[in-house]
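Since the structure is predicted, the reported quantities are computational estimates derived from the model, not experimental observations. Lettering of chains follows the sequences in order, A, B, ..., and the numbering in each one begins at 1.
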Amino acid sequence: MKVGVGKEIITEILTLSIKMIKADKVLDITDLPPIIVERSRDEKFGDFSTNIAMTIASIERKKPRLIADIIVENIHNSLKSEDEILSFPSSYIDKIEIAGPGFINFFMSRRFWLDSLKIVEDQGSEYGSSSLGNNRRIQIEFVSANPTGPLHIGHGRGAAVGDILANIMKKAGYIVEKEYYINDVGTQMTILGKSTLIRYQQLLGRDIPFPEDGYKGDYINDIAKDIIAKKGEYFMDQPEGVSLPFFTEFASKIILDGIKKDLEDFGVKFDNWFSEKGLYDIGEVDEVIGRLKEKGLAYEKDNAVWLRSSMFGDEKDRVLIRGNGQHTYFASDIAYHWDKFKRDFDQVIDIWGADHHGYVPRMKAIVEAMGYHKDALKTILVQLVNLKRGNEQIAMSTREGKFTTLSEVVREVGKDAARFFFLMRSSDSHLDFDLDLARKESKENPVYYVQYAHARISSIFRVAREKGIDIPTGEEVDLDLLKSPEEMTLIKEILSFPELVEKCAIYLEPHRLTYYLQDLASIFHNCYNKYRVISEDRKLTNARLILVKSIGTVLKNALLLLGISAPEKM
RNA sequence: GCGCCCAUAGCUCAGUUGGAUAGAGCGACGGAUUGCGGAUCCGUAGGCCGGAGGUUCAAGUCCUCUUGGGCGCACCA
């Protein structure tokens, strides 16, 4: 018997029914559209709905309600049939209605929901997993900030989105690799080295101006001091050809270590740190440009090498090697993505700040030029973050080196609140991050609200134990005692979790998780205030303990996906 | 000038990828506790989905135009 996701049951019976209708030639269905079953948006419309009658109607040019009638009648016959043609008991379906322009609405029985609830306990921490991904390999690349300064709050949002999406994709049955691409060559690195060198010289008393485009943050001074402590005045009279490479490497290493530390404190761990410099070292950039030339996709003009990206939907061709012989970042990005695809990922996902959106068509173009389907690369653009304290906006200026860093935010509000807040909006919406709200310990703060629900459940079990009530297992409990509409709503919400995880994975929209958690917590708190879990009625107590335990499991599993703690006490 | 994103309740935002009577949180107002955590709950008010056309059985959702905001348009990164 297949218990659980009701959609599967409904899809099965619809498929069977339509097959029979076709076979009996009751209806002439030449071109069957996909059968889509959805959770009904309103209780009045039952638990599951399908618009299949309408989609068939539009193809066959018949009346939708007529087709719905035929389908429903056939389903009734199947349900009544003595032959075991269905993989589930017919008592799982209470009622089927045709409504509106031709929707078919399915009302599931209490027995179906109560039976289904058991899978939550059976699966425990695995609950919510699915085989959607079929072990397909995907890579998610995110953050990838230049090692020229500490991560700021915008990187934090990207980090949260990437890390949590990775957790979701794993839960949905993908094999996921998280990667950070280190831009450790090029102009910005040179500027970093120069900035550090000049600070070094200034600290040692040389009166020289600081460059306009230099990195002005205090951290540069700190690094310069560090070099003085280790090397003294050695570099004061060295030629730039000697000192600059040292300063560049020294500074970038310290900054990168800082980035790693910040990410670790934020709960983000990468599987792979990929160096751009490494691409040059093994000659991959030149190799890929050579191949593109062979295929006629790159050409020389005006002393530079160009990619024929306009052939693939980009608005113009782009330079790969400049007239002065230097590669553009685009060149190494091509080599990098070529390398990614060589590593045999079924899907590559790049998460970028929205200010890079102009780059998307270019990258898609190159993926196609390399012979892959353009959807093999997906990009998520994360919009910017405004930091606020209550109603007051906190000014951020990266140019001047005064900006709120990720580590400052994490230190102030904690990792849990920060991760949750970054996921409170869809990625393509601007995000106002209210530091005051993130610290508040009341229901206004959604993180506390959700964690509180979990702590409250833990507390119920503490009390139960104190009263000598053993925590029951599903086998010995009569779930049929859960009769109130609020309890049914809770059960249905719990049972929609696997579906939610799949939706997050399919649409690459991890923010849905925080909305789900708030809904679930709210329904639980409501029910909690209305009914007592622990009462004189031992059987009812047991049934409710099972329900509450299942809610706790889902809250915990969802919080775990967010990388947020599920506290027993707060 | 061209391109991308956004516009939905006073505020901040969801909206099951085209479905039925558009939702939540916050804020406002009014209520709830001899018992499991009041760090909670319930109720009320609040809408021309920025505007105008179009596509179809059906549009907040898709197309065109338009208004306002954000961000990009280098042989920069």
Side-chain angles (χ1 to χ4, degrees), chain A residues 36 38-42 44-45 49-51 54-55 57-58 63-65 99-103 105 146 148 183 186-189 191 213 301-306 315-316 318-330 333 353-361 381 383-384 386 388 391 424-432 434 437 440-446 448-449 451-453 455-464 466-467 469 496 499-500 503 506-507 509 511-512 514-515 518-519 521-522 524-536 541 544-545 548 569-570:
Chain A
I36 294 166
E38 284 184 329
R39 223 163 250 271
S40 305
R41 64 186 320 169
D42 192 306
K44 286 195 293 274
F45 306 134
S49 307
T50 182
N51 63 351
M54 283 138 84
T55 49
S58 71
K63 292 201 167 127
R65 292 194 68 118
F103 290 100
N105 296 329
N146 286 341
T148 54
N183 290 123
T187 319
Q188 295 307 311
M189 296 311 295
I191 293 172
D213 61 354
K301 193 185 87 178
D302 302 337
N303 217 18
V305 178
W306 298 70
E315 55 190 23
K316 56 175 282 196
R318 305 286 172 177
V319 169
L320 298 174
I321 303 175
R322 292 188 260 161
N324 63 10
Q326 286 185 331
H327 293 83
T328 61
Y329 266 53
F330 188 43
D333 279 347
D355 51 345
H356 289 75
H357 68 253
Y359 217 66
V360 175
L381 297 173
Q383 294 288 336
L384 58 87
N386 288 313
K388 296 172 77 178
N391 285 326
M424 284 208 305
R425 301 283 173 258
S426 125
S427 289
D428 45 33
S429 240
H430 288 193
L431 171 71
D432 285 334
D434 184 342
L437 180 62
K440 221 173 246 179
E441 301 190 355
S442 73
K443 70 165 291 192
E444 295 158 66
N445 181 349
Y448 274 82
Y449 184 74
Q451 288 183 320
Y452 178 63
R456 193 175 230 182
I457 288 169
S458 304
S459 170
I460 294 171
F461 282 101
R462 275 195 299 273
V463 172
E466 281 164 22
K467 295 196 172 181
I469 299 169
S496 71
E499 225 172 288
L500 173 91
K503 285 248 162 73
I506 291 169
Y507 300 120
E509 289 178 348
H511 72 280
R512 290 164 184 257
T514 57
Y515 283 89
Q518 291 179 81
D519 280 348
S522 162
F524 164 69
H525 285 312
N526 171 339
C527 202
Y528 175 91
N529 273 38
K530 195 153 179 180
Y531 304 102
R532 288 191 55 78
V533 175
I534 299 166
S535 68
E536 298 306 313
T541 299
R544 287 189 170 154
L545 280 173
V548 165
K569 285 182 180 174
M570 302 173 63

Are the side chains of A/Val463 and A/Ile534 in contact, using a 4.5 Å heavy-atom criterion?
yes

Out of B/rC75, B/rA14, B/rG70, which nucleotide sits closest to the side chain of A/Ser429?
B/rA14

Would you kindly give the OH-to-C1' distance between A/Tyr528 and B/rG38, to the nearest whole Å?
10 Å

Shortest side-chain distance from A/Glu444, nucleotide among B/rU12, B/rG38, B/rG27
B/rG27

Would you mind classifying the nucleic acid contact of A/Ser426 as base, sugar-phosphate or nothing, using non-hydrogen atoms under 4.0 angstrom?
sugar-phosphate

Which nucleotide wins on minimum distance to the side chain of A/Glu315, given the candidates B/rC36, B/rC75, B/rC73?
B/rC73

Of all the choices, B/rA14, B/rC36, B/rG15, which nucleotide is nearest to the side chain of A/Arg532 once you look at every atom?
B/rC36

Heavy atoms of A/Gln518 and A/Pro446 approach each other most closely as OE1-CB, 3.4 Å

Please state whether the phosphate of B/rG38, meaning OP1 or OP2, lies under 4.0 angstrom from any side-chain nitrogen or oxygen of A/Asn529.
no

Contact class for A/Lys63 (heavy atom, under 4.0 Å): base, sugar-phosphate, or nothing?
nothing

A/His511 side chain: which of B/rA14, B/rG19, B/rA77 is closest?
B/rA14

Among B/rA14, B/rA77, B/rC75, find the nucleotide with the atom closest to the side chain of A/Tyr329.
B/rA77

By side-chain hydrogen bond (donor to acceptor under 3.5 Å, both in side chains), which residues pair with A/Asp432, not counting sequence neighbours?
A/Asn386

Measure CG/A/Leu381 against P/B/rC73 and give the value in whole Å, please.
14 Å

RNA chain B: A/Asn324 or A/Tyr449, which has the more 5' nearest nucleotide?
A/Tyr449

Between A/Ser58 and B/rU56, does any side-chain N or O lie under 4.0 Å from OP1 or OP2?
no

Are A/Arg425 and B/rC6 close enough that a side-chain N or O sits under 4.0 Å from OP1 or OP2?
no

Once hydrogens and angles are ignored, does a donor-acceptor distance under 3.5 Å link the base of B/rG3 to the side chain of A/His357?
yes

Given B/rC75, B/rC41, B/rG19, the nucleotide with the shortest approach to the side chain of A/Asp302
B/rC75

Looking only at non-hydrogen atoms, find the nearest pair between A/Phe330 and A/Val319 and report the distance.
CD2-O, 4.3 Å

Could you pull out the closest heavy-atom pair between A/Lys440 and A/Tyr448, with the gap in Å?
O-CD1, 3.2 Å

Base, sugar-phosphate alone, or nothing: which one does A/Ala455 contact when heavy atoms must sit under 4.0 Å apart?
base

Think A/Lys316 has a side-chain N or O under 4.0 angstrom from the OP1 or OP2 of B/rC75?
yes

Checking contacts here: which listed nucleotide (B/rC36, B/rU21, B/rA74) is nearest the side-chain heavy atoms of A/Arg318?
B/rA74

Would you say B/rC76 has OP1 or OP2 under 4.0 Å from some side-chain N or O of A/His356?
no

Any donor-acceptor pair under 3.5 Å between the side chain of A/Asn51 and the base of B/rG19?
yes

May I ask you to evaluate whether A/Arg322 reaches the phosphate of B/rC76, defined as a side-chain N or O under 4.0 Å from OP1 or OP2?
yes

Please tell me which of A/Pro101 and A/Ile321 maps to the more 5' nucleotide of RNA chain B, matching each residue to the nucleotide holding its nearest heavy atom.
A/Pro101

Among B/rA77, B/rG19, B/rC6, which nucleotide sits nearest the side chain of A/Thr55?
B/rG19

5'-to-3' dot-bracket of RNA chain B (Watson-Crick, G-U; under 3.5 angstrom; crossing pairs as [ ]; | other strand):
(((((((..((((.....[...)))).(((((.......))))).....(((((..]....))))))))))))....

B/rA77 phosphate, OP1 or OP2, under 4.0 Å from A/Thr187 side-chain N/O
yes

Please determine, for the side chain of A/Tyr452, which listed nucleotide (B/rA77, B/rG38, B/rU12) has the closest atom?
B/rG38

